[in-house]
Amino acid sequence: MKKYFGSLSNKLEDWHKGNQKSLKAFGVTPNQWAFLLLSLLQGSKDSFAADNQILVCPTPEIADDLYELFKGRLESHSVLSYPGLENSPYGGIVSSERNLMQRFRVLYQLTQEQASPNLILTTKEALLHKCPPATFFESGHLKIEISDVVSPEELAGKLFDLGYQSAPSVEEPGTFSHKGEIFDIFPTNSFPVRLHYFDDMIEAIFKIDPNSQKSLKNQTLESLVVAISPACLARSEYSTVLRNHIPKPGPSFKAKFENRKHIFELLSSRILFENYAAFAPLFFDRPATLCEYLDSNNTVLTFLEADSGSQNTIEYFEEIRAEHEENIESLDSESILPKPSFLYQLESGELYEKFKTLKLNHLEMTSQFDEGFDDRLVFNLENSKIYLNRSANPALKKAEYLKSLFEALKIEFKYDGQLVFSLSHENSRAEIEHLMELFEYPSSLKERTEFIRFPLSEGFYYPNEKTLVLTDSDLFSLKKKKTKTNFHQNVDLFAEQLATLKVGDFVVHNDFGIGEYLGLETMEVGGSSSDFLIIEYASNDKIYLPVYKMNLIQKHADSAASVKPDNLRTNKFKNLKDRAKDSVKKLAFDLLKLQAERESAQAFAFSPP
């Protein structure tokens with residue numbers, strides 16, 4: 001795709017090679033930039049394309065969506081997700097251990113030699129959040145090779161020092177399991193593996209299927225590196241630093257005093273406490289940030305929806321500042337977290353000034369980017385629906401509309417220009433190619449047509465290079481009518497659903513599985529009061545579900561039933577759902593195959609009576 005968007009590529013390359021550090025761009029959405037960036041990076045030898053790309057998204061949801069878009073599609077870069085806390089550490093919500101594990105995984109990878117540049121999806125909150133220094137990961141790993149002589153007991157001790165925990169099976173990163181001559185490890189930095197022992201010598205290393213826990217005999221390894229786990233923060237050298245960062249509360253703050261005492265009692269037994277993920281930066285004298293792991297000479301920071309992202313960050317920091325001050329004054333609060341500057345790099349300017357930074361905003365602009373100022377890049381992307389409506393009447397029936405549209409495109413792009421089809425489904429390509437054959441598209445135009453598997457939310461027309469990008473929905477979803485959905489919540493429905501639940505009943509959550517319903521509680525979040533359902537899972541983990549999201553749960557069993565709650569710290573429920581989905585999909589394909597065989601089978605032709 002390098003032959004497309006050449007003028008844009010040249011503009012970015014000139015900026016990248018120049019002395020100007022910052023470039024502002026307007027008129028492009030995050031989804032559109034992801035599509036453009038994929039085409040700019042793939043197969044390019046430009047210096048811009050050879051750099052690490054850090055996409056700073058305005059929200060965690062956009063970061064997750066773009067990560068899924070790039071993963072498996074971008075071959076030139078390692079695609080990584082770097083999440084932050086995503087919730088205020090002072091608001092009483094337990095910070096995600098999975099997010100902490102993912103941050104550790106990315107930071108460890110950044111300390112290793114890179115075969116290819118990285119593309120990291122993150123948020124500004126995550127970018128400013130403090131993390132362990134690079135030396136923590138550079139010294140905290142264990143290399144294992146075939147023929148190493150190390151007894152299972154000795155290996156278990158080394159893994160324990162790295163923060164790994166013994167478990168019946170290795171379903172979660174940071175665990176190991178020893179059974180006879182088999183030693184399983186799930187490193188935090190890679191896939192699970194199985195070591196086969198002969199006495200005290202490692203005889204073979206195989207990858208493991210995480211779902212079935214079976215060895216993949218055809219996937220052997222000569223060696224592996226086991227990176228450090230967040231659970232190592234329970235070691236005495238780190239808990240000592242934490243103690244220095246959390247001074248003893250005054251005598252009138254009994255709740256804070258008891259909470260601090262409980263935390264260090266657990267740590268003295270090398271047990272991590274609840275919500276330790278929020279305290280992670282406090283275990284280090286000199287924590288770092290993600291930017292300090294990156295070389296400013298070969299890294300580009302791109303801020304998507306830069307203005308709204310900056311506003312979100314300002315509001316977030318103001319929220320946590322106010323919550324911290326409230327916790328300090330409250331005699332009932334158990335929060336012992338110090339001020340936000342211990343957790344975040346609040347002065348962000350000095351973090352970015354060494355990097356090339358591209359700040360994108362989605363604004364409707366009419367001027368060509370070549371007419372802009374030197375520090376501005378203005379896109380002139382026209383919505384594909386608006387462009388197509390000038391060529392064909394959308395009120396026509398589907399067959400007539402497609403006929404009118406493809407004939408118009410054939411004329412418009414007969415001698416120059418490019419057609420790019422960004423498709424979510426491979427079947428769409430066959431249908432489009434059939435239409436091009438049907439309307440006798442010349443071979444010269446077919447050579448200027450490209451098909452890309454990329455679920456772009458909406459297409460666009462790029463007049464600078466006469467390039468039209470179309471999606472499946474631009475062509476095949478015109479007459480699809482959607483039933484209007486009323487999103488206003490029904491208070492009576494909530495009351496009816498709550499009436500069927502009793503404290504102690506078991507419910508099933510769409511994402512987290514079976515938990516015990518503990519009742520309804522009113523909490524103040526962000527300055528307003530809301531009602532939350534409290535659901536308890538294994539290990540006394542709890543989630544607080546807003547009542548307006550009651551559609552995510554349903555009653556599973558009464559309190560008298562013998563039911564074991566799911567564990568939020570494992571993927572068992574997710575794996576169960578995935579297996580169920582695969583089974584349903586397989587059944588659907590089998591039914592379709594059976595129906596196709598029936599329709600294509602030749603039946604016996606009886607003679608007429």
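We're numbering straight along the sequence, starting at 1. Treat the numbers as computed from the prediction; the structure is a model and nothing was measured.
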Side chains of residues 135-145: which donor-acceptor pairs under 3.5 Å do they make with residues two or more places apart or in other chains?
{"residue": "Ser139", "atom": "OG", "partner": "Thr135", "partner atom": "O", "Å": "2.9"}
{"residue": "His141", "atom": "ND1", "partner": "Glu138", "partner atom": "O", "Å": "3.2"}

List in chain and number order the residues that pass ring-ring contact (aromatic ring centres under 6.0 Å, His included) with Tyr544, two or more places apart in sequence or in another chain; answer none if no residue qualifies. none

How close do Cys131 and Leu107 get, heavy atom to heavy atom, and via which atoms? CB-CD1, 3.7 Å

Phe279 side chain reached by Leu343 side chain, heavy atoms, under 4.5 Å: no

For residues Ser47 and His16, is any side-chain donor paired with an opposing acceptor at under 3.5 Å? yes

By side-chain hydrogen bond (donor to acceptor under 3.5 Å, both in side chains) - contacts of Arg321 (at least two apart): Glu318, Glu325

Are more than 12 heavy atoms from other residues, nucleotides or ligands located less than 6.0 Å from atom CD of Glu347? no

Shortest non-hydrogen separation from Asn87 to Tyr316 and the atoms involved: O-OH, 3.5 Å

Looking at every heavy atom in both Ser422 and Leu456, which two are closest together, and how far apart are they? OG-CB, 3.4 Å

May I ask you to check whether Phe26 and Phe379 place their ring centers less than 6.0 Å from one another? no

Given Tyr238, Phe284, Phe342, the one that forms ring-ring contact (aromatic ring centres under 6.0 Å, His included) with His245: Phe342

What ring-ring contact (aromatic ring centres under 6.0 Å, His included) pairs are there with at least one residue in residues 61-100, not counting sequence neighbours? Tyr90-His324

Hey, is CD on Glu265 packed in by over 12 heavy atoms from elsewhere, all under 6.0 Å? yes

So, do Lys207 and Pro192 sit near enough that their side-chain heavy atoms are less than 4.5 Å apart? no

I'd like to check Leu242 versus Leu267 (side-chain heavy atoms, cut-off strictly below 4.5 Å). Are they in contact? yes

Pairs under 3.5 angstrom only: tabulate donor-acceptor contacts from the side chains of residues 155-167 to other protein residues two or more places apart or in another chain.
{"residue": "Tyr164", "atom": "OH", "partner": "Thr188", "partner atom": "N", "Å": "3.0"}
{"residue": "Tyr164", "atom": "OH", "partner": "Ala227", "partner atom": "O", "Å": "2.6"}

Return the CD to CD1 distance between Gln213 and Ile208, rounded to the nearest 0.5 Å. 6.0 Å

Could you check whether atom NZ of Lys359 has more than 12 heavy atoms from other residues, nucleotides or ligands sitting under 6.0 Å from it? no

side-chain hydrogen bond (donor to acceptor under 3.5 Å, both in side chains) against Tyr108, all qualifying residues, sequence neighbours excluded: none

Within the supplied structure, the quantity of interest is the number of heavy atoms (other residues, nucleotides, ligands) at a distance under 6.0 Å from Glu171 CD; does it exceed 12? yes

Is the ring centre of Phe176 less than 6.0 Å from the ring centre of Phe183? yes

Do Leu358 and Leu12 touch side chain to side chain, with heavy atoms closer than 4.5 Å? yes

Work out which heavy atom in Lys256 is nearest to a heavy atom in Ser330; give both atom names and the distance. NZ-O, 2.7 Å

Which atom of Ser457 lies closest to which atom of Asn31, heavy atoms considered: N-OD1, 2.8 Å

Say you draw a straight line from CZ of Arg103 to OG1 of Thr122; how long is it, rounded to the nearest 0.5 Å? 9.5 Å

Would Thr59 and Asn312 count as having a side-chain donor-acceptor pair, cut-off 3.5 Å? no

Determine, stepwise, if the pair Leu128 / Leu346 fulfils side chain to side chain contact (heavy atoms under 4.5 Å, CB included). CA-CA 7 Å; Leu128 299 177; Leu346 300 181; over 6 Å; no

So CZ of Phe512 and CG of Asp566: to nearest 0.5 Å the spacing works out to 11.5 Å

Determine the minimum heavy-atom distance between Leu127 and Leu351, stating which atoms define it. O-CD1, 4.4 Å

Is it possible for you to check whether Arg243 lies under 6.0 Å from the centre of the six-membered ring of Phe264, through NZ or CZ, and within 45° of that ring's axis? yes

For atom CD of Glu222, is the number of surrounding heavy atoms from other residues, nucleotides or ligands below 6.0 Å larger than 12? no

Counting only heavy atoms not in Glu326, do more than 12 sit closer than 6.0 Å to its CD atom? no

Tell me whether the count of non-hydrogen atoms from other residues, nucleotides or ligands lying under 6.0 Å of NZ in Lys542 goes above 12. yes

Say you draw a straight line from CG of Leu41 to CD of Glu75; how long is it, rounded to the nearest 0.5 Å? 12.5 Å

Compute whether any side-chain donor of one residue and acceptor of the other, for Glu125 and Thr313, lie under 3.5 angstrom apart. no

